[in-house]
**Q** 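Before we start, here is the structure in question, set down as structure tokens.
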Amino acid sequence: MESKPYVLEHGTEFDKETLIQEFSNIQSELLPKVKLENHFQKDELQLIAGVDLAYWDVNDTMYGTCCIVVIDYHTKEVVEKVYSYGVITIPYIPGFLAFRELPLILEAVEKLTKLPDLYMFDGNGYLHYRHMGIATHASFFLNKPTIGVAKSYLKIQGIDFIMPENRMGAYTDIVINNEVYGRTLRTTKNVKPIFVSCGNWIDLDTSTEIVMNCINKESRLPIPVRLADLETHKMRKQLSR
DNA sequence: GCGACAG
DNA sequence: ATCTTGTCGC
């Protein structure tokens, strides 16, 4: 049976296997440019952005909206909110989320009046089959440090995560082939953990520290990602009617 | 063929 | 991601 073709833009069609082949090549070319070291001064962190998308469909056409919420790292006040929306042309394929979501993300970023110092994503970064989750991939277009924050676990090479202790701030590292891919982090007691990984230009300890500093009692997710999530749902309500 | 599978 | 109400518990 043949793979179903996918329409990308203006009548261009690709079959799934071709997409995966080309996408894998792109990810492999980016990998050598990843640096898991802080390319910034911690005490200069001011604006942190959370990025998320929501989807809906109309007559078999998939639409999406991307919302970016920027907060002041110290006061936790919302500084700016921007969004974009449009037709989604790339299918969701595990391991290739960035190719589906980046177009709308970059469109929304264009609308920001102040550039954030760091971006947090709803999804993985270095914790990925080829270390190229959306947080890492996106960093090359944003030119800023990024962090990946996933709500569920992406199992790699059959390796399960180790459940951290049930106390706020407890974590266990996700190690595969002697390499640390990411971290299972309990941001809130009595609530299931999240999965934090470096995006780019930041180390895992600092990523963990920043995520924990963005936790309040409202959610297990860091504030920027949580607010972006809520915002995309609001936008979908408006846009889908 | 079957199961796995960030969002 | 999305489809969906009430409900148990802190």
Side-chain angles (χ1 to χ4, degrees), chain A residues 1 3-4 6 16-17 19-20 23-24 27 50-68 83-106 108 119-139 146-161 166-168 174 176 181-185 188-200 207 211 216-222 224-226 228-237 239-241:
Chain A
M1 176 153 27
S3 303
K4 198 173 181 178
Y6 293 100
K16 189 170 173 177
E17 300 316 314
L19 280 187
I20 290 177
F23 288 173
S24 297
Q27 291 179 336
V51 184
D52 195 20
L53 283 84
Y55 300 89
W56 70 96
D57 73 89
V58 179
N59 301 329
D60 284 328
T61 298
M62 183 74 85
Y63 289 81
T65 178
C66 169
C67 293
I68 300 179
Y83 73 92
S84 63
Y85 69 95
V87 175
I88 301 297
T89 58
I90 309 291
Y92 170 66
I93 308 171
F96 303 97
L97 178 63
F99 295 92
R100 176 176 167 86
E101 304 198 328
L102 265 175
L104 285 181
I105 291 173
L106 298 180
Y119 292 80
M120 296 187 13
F121 288 81
D122 192 330
N124 295 310
Y126 203 73
L127 174 53
H128 177 276
Y129 309 119
R130 291 168 294 281
H131 296 314
M132 202 50 63
I134 188 165
T136 308
H137 193 149
S139 72
T146 58
I147 299 174
V149 177
K151 296 183 292 295
S152 63
Y153 184 60
L154 173 66
K155 188 185 285 189
I156 297 166
Q157 295 179 33
I159 304 299
D160 283 308
F161 69 88
N166 185 16
R167 87 186 137 68
M168 181 187 255
I174 297 161
I176 301 165
Y181 276 52
R183 191 167 273 179
T184 305
L185 176 64
T188 309
K189 185 176 167 65
N190 296 324
V191 178
K192 62 181 180 179
I194 62 175
F195 305 89
V196 175
S197 58
C198 300
N200 199 1
S207 299
V211 166
N216 62 20
K217 63 179 179 181
E218 310 292 305
S219 169
R220 71 181 168 127
L221 297 173
V225 170
R226 174 57 176 161
D229 182 50
L230 293 173
E231 198 62 24
T232 56
H233 292 329
K234 287 184 198 168
M235 287 310 303
R236 178 176 54 199
K237 252 182 192 177
L239 297 170
S240 65
R241 61 182 170 123

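Below, chains carry the letters A, B, ... as their sequence lines are ordered, and counting in each starts from 1.
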**Q** Could you name each residue pair satisfying salt bridge (charged side-chain N to carboxylate O under 4.0 Å, His left out) that touches residues 84-103 of chain A, not counting sequence neighbours?
**A**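 Residue pairs with at least one partner in residues 84-103 of chain A: there are none.
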
**Q** Collect all protein-nucleotide pairs involving nucleotides 2-6 of chain B in which both atoms are nitrogen or oxygen and the distance is under 3.5 Å.
**A**
from: B:dA6; atom 1: OP2; to: A:Tyr92; atom 2: OH; distance (Å): 3.0
from: B:dA6; atom 1: O4'; to: A:Asn124; atom 2: ND2; distance (Å): 3.4
from: B:dA6; atom 1: O3'; to: A:Ser152; atom 2: OG; distance (Å): 3.4
from: B:dA6; atom 1: N7; to: A:Gly95; atom 2: N; distance (Å): 3.1
from: B:dA6; atom 1: N6; to: A:Gly95; atom 2: O; distance (Å): 3.2
from: B:dA6; atom 1: N6; to: A:Phe96; atom 2: N; distance (Å): 3.2
from: B:dA6; atom 1: N6; to: A:Leu97; atom 2: N; distance (Å): 3.1
from: B:dA6; atom 1: N1; to: A:Ile134; atom 2: N; distance (Å): 3.2
from: B:dA6; atom 1: N3; to: A:Asn124; atom 2: N; distance (Å): 3.1

**Q** For DNA chain B, write out the stems as range with range, using runs of 3 or more consecutive Watson-Crick or G-U pairs with both distances under 3.5 Å.
**A**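 When the pairs of DNA chain B are grouped into runs of at least three, no such run exists.
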
**Q** With A:Asp57, which residues qualify under side chain to side chain contact (heavy atoms under 4.5 Å, CB included), at least two apart?
**A**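 Checked A:Asp57 against side chain to side chain contact (heavy atoms under 4.5 Å, CB included); matches are A:Met62.
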
**Q** Give each protein N/O atom lying under 3.5 Å from an N/O atom of nucleotides 7-9 of chain C, with the pair distance.
**A**
none

**Q** So, using side-chain hydrogen bond (donor to acceptor under 3.5 Å, both in side chains) as the criterion, who are the partners of A:Arg241 when residues are at least two apart?
**A**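 Not a single residue meets the side-chain hydrogen bond (donor to acceptor under 3.5 Å, both in side chains) criterion with A:Arg241.
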
**Q** Wobble G-U and Watson-Crick pairs count when both distances are under 3.5 Å; given that, what is the 5' to 3' dot-bracket string of DNA chain C, with | for pairing to other strands?
**A** ..........

**Q** Test your reading of the model: is there a side-chain donor-acceptor pair from A:Thr136 to the backbone of A:Tyr126, 3.5 Å cut-off?
**A**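 Pair found, side chain donor or acceptor close to backbone of A:Tyr126.
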
**Q** Can you name the ring pair (Phe, Tyr, Trp, His ring centres under 6.0 Å) partners of A:Tyr181, sequence neighbours left out?
**A**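 Testing A:Tyr181 for ring pair (Phe, Tyr, Trp, His ring centres under 6.0 Å), a comparison that skips the adjacent residues, returns A:His131.
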
**Q** Can you sort out the partners of A:Lys155 under side-chain hydrogen bond (donor to acceptor under 3.5 Å, both in side chains), two or more places apart, ordered by chain and number?
**A**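 A:Lys155 satisfies side-chain hydrogen bond (donor to acceptor under 3.5 Å, both in side chains) with A:Asp160 once adjacent residues are dropped.
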
**Q** A:Tyr55: what forms a ring pair (Phe, Tyr, Trp, His ring centres under 6.0 Å) with it, not counting sequence neighbours?
**A**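 None.
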
**Q** Scan for salt bridge (charged side-chain N to carboxylate O under 4.0 Å, His left out) pairs involving residues 121-135 of chain A, sequence neighbours excluded, and state none if there are none.
**A**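 Qualifying pairs, neighbours excluded: A:Asp122-A:Lys151.
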
**Q** I'd like to check the ring pair (Phe, Tyr, Trp, His ring centres under 6.0 Å) partners of A:Phe161; sequence neighbours left out, ordered by chain and number.
**A**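 For A:Phe161, the residues satisfying ring pair (Phe, Tyr, Trp, His ring centres under 6.0 Å) (neighbours in sequence not counted) are A:Tyr153, A:Phe195.
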
